[in-house]
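Just the heavy atoms: all of them, side chains too, but no hydrogens, waters or symmetry mates, feed the values below.
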Amino acid sequence: MEVVNQSKKTFSIQEKVRFQHCDFAGIVFYPRYCEMINATVEDWFDLLKLPFLKMHELGYGIPTKSLQIQFHAPARLNDMLTKHLTVTKIGNSSVTLKLTFTNADNTVILEAENILVFVVIDKTKNTILPTPWFKELRENMATYAV
């Protein structure tokens, strides 16, 4: 994967469609897009300076509250997808992301809205509770707001 755009407003990264992503028809099997969306979010959090490993070591997480996907065109084995991420809303402990995947011809493959919630995980009490974003993280996310 290669970051192709770090402009303030859009995070874009490329991913090649591999055999593991495809079904018998030779197109991306739709659940694999959920994995690709999560990988995009994970790469974006690396850029925001809160990698998933560090986040989890600190006792935090960002589970998905809602994920809506609209599929517009198939992607096929060996296609190079560009995955674009922007922020459409930042709440006290949530963030709404818009993701758009395009192919080399700039055809829109999918559009998704992903709502994530920042949570603190207390394993001793077996609780997962929403918590406000760290100030610096919130400010970094805001640079991708449209």
Any chance the rings of Tyr33 and Phe71 have centres within less than 6.0 Å?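 Ring-ring flag for Tyr33/Phe71: true, centres closer than 6.0 Å.
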
Under the salt bridge (charged side-chain N to carboxylate O under 4.0 Å, His left out) rule, what pairs show up with a residue in residues 96-120, not counting sequence neighbours?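 Output for this query lists Lys98-Glu111.
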
Pairs involving residues 93-115, ordered by first then second residue, that meet ring pair (Phe, Tyr, Trp, His ring centres under 6.0 Å) (sequence neighbours left out):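 Sorted result for residues 93-115: empty, none.
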
Derivation and outcome, side chain to side chain contact (heavy atoms under 4.5 Å, CB included), residues Ile62 and Val117: CA-CA 5 Å; Ile62 53 163; Val117 179; over 6 Å; no

Would you check if the side chain of [X] reaches a backbone N or O of [Y] as a donor-acceptor pair within less than 3.5 Å?
| X | Y | result |
| --- | --- | --- |
| Asn38 | Val41 | no |
| Thr107 | Asn103 | no |
| Lys9 | Ala145 | yes |
| Arg76 | Val17 | no |

Just to verify, which of Thr86, Thr102, Thr82, Leu85 counts as forming a side chain to side chain contact (heavy atoms under 4.5 Å, CB included) with Ser12?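 Of Thr86, Thr102, Thr82, Leu85, side chain to side chain contact (heavy atoms under 4.5 Å, CB included) with Ser12 is met by Thr82 alone.
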
Pair Thr100, His84: side-chain N/O donor-acceptor within cut-off below 3.5 Å: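 Note: Thr100 and His84 side chains miss the donor-acceptor criterion.
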
Which residues, ordered by chain and number, are linked to Leu77 in its hydrophobic cluster, where ILVMFWY side chains connect at heavy-atom gaps below 4.5 Å, directly or through other members?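 Leu77 clusters with Phe19.
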
Linked hydrophobic residues, Met80 as query - side chain contacts closer than 4.5 Å: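 Met80 shares its hydrophobic cluster with no other residue.
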
Does atom OH of Tyr30 have more than 12 heavy-atom neighbours, drawn from other residues, nucleotides or ligands, at distances under 6.0 Å?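 Atom OH in Tyr30 is not crowded, with 12 or fewer foreign heavy atoms closer than 6.0 Å.
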
Derivation of the side chain to side chain contact (heavy atoms under 4.5 Å, CB included) call for Phe11 and Asp43: CA-CA 9 Å; Phe11 170 73; Asp43 291 336; 4.0 Å; yes

Anything under 30° is parallel, anything over 60° is perpendicular, the rest tilted; go ahead and classify Phe118 against Trp133.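 Parallel: the ring planes of Phe118 and Trp133 meet at under 30°.
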
From CA spacing to verdict: side chain to side chain contact (heavy atoms under 4.5 Å, CB included), Ile37, Ile69: CA-CA 10 Å; Ile37 288 169; Ile69 304 172; 3.8 Å; yes

Per the side-chain hydrogen bond (donor to acceptor under 3.5 Å, both in side chains) rule, what does the pair list look like for residues 47-71, sequence neighbours excluded?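 Residue pairs passing side-chain hydrogen bond (donor to acceptor under 3.5 Å, both in side chains), neighbours aside: none found.
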
Is there a side-chain contact between Leu99 and Thr40, using heavy atoms and a 4.5 Å cut-off?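 The answer is yes, as the side chains (C-beta and beyond) meet within the 4.5 Å cut-off.
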
Glu136: what forms a side chain to side chain donor-acceptor pair (under 3.5 Å) with it, not counting sequence neighbours?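 Expected list: none.
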
If you apply the rule side chain to side chain contact (heavy atoms under 4.5 Å, CB included), what do you find for Val87 with Leu97, and how did you get there? CA-CA 5 Å; Val87 174; Leu97 305 175; 3.8 Å; yes

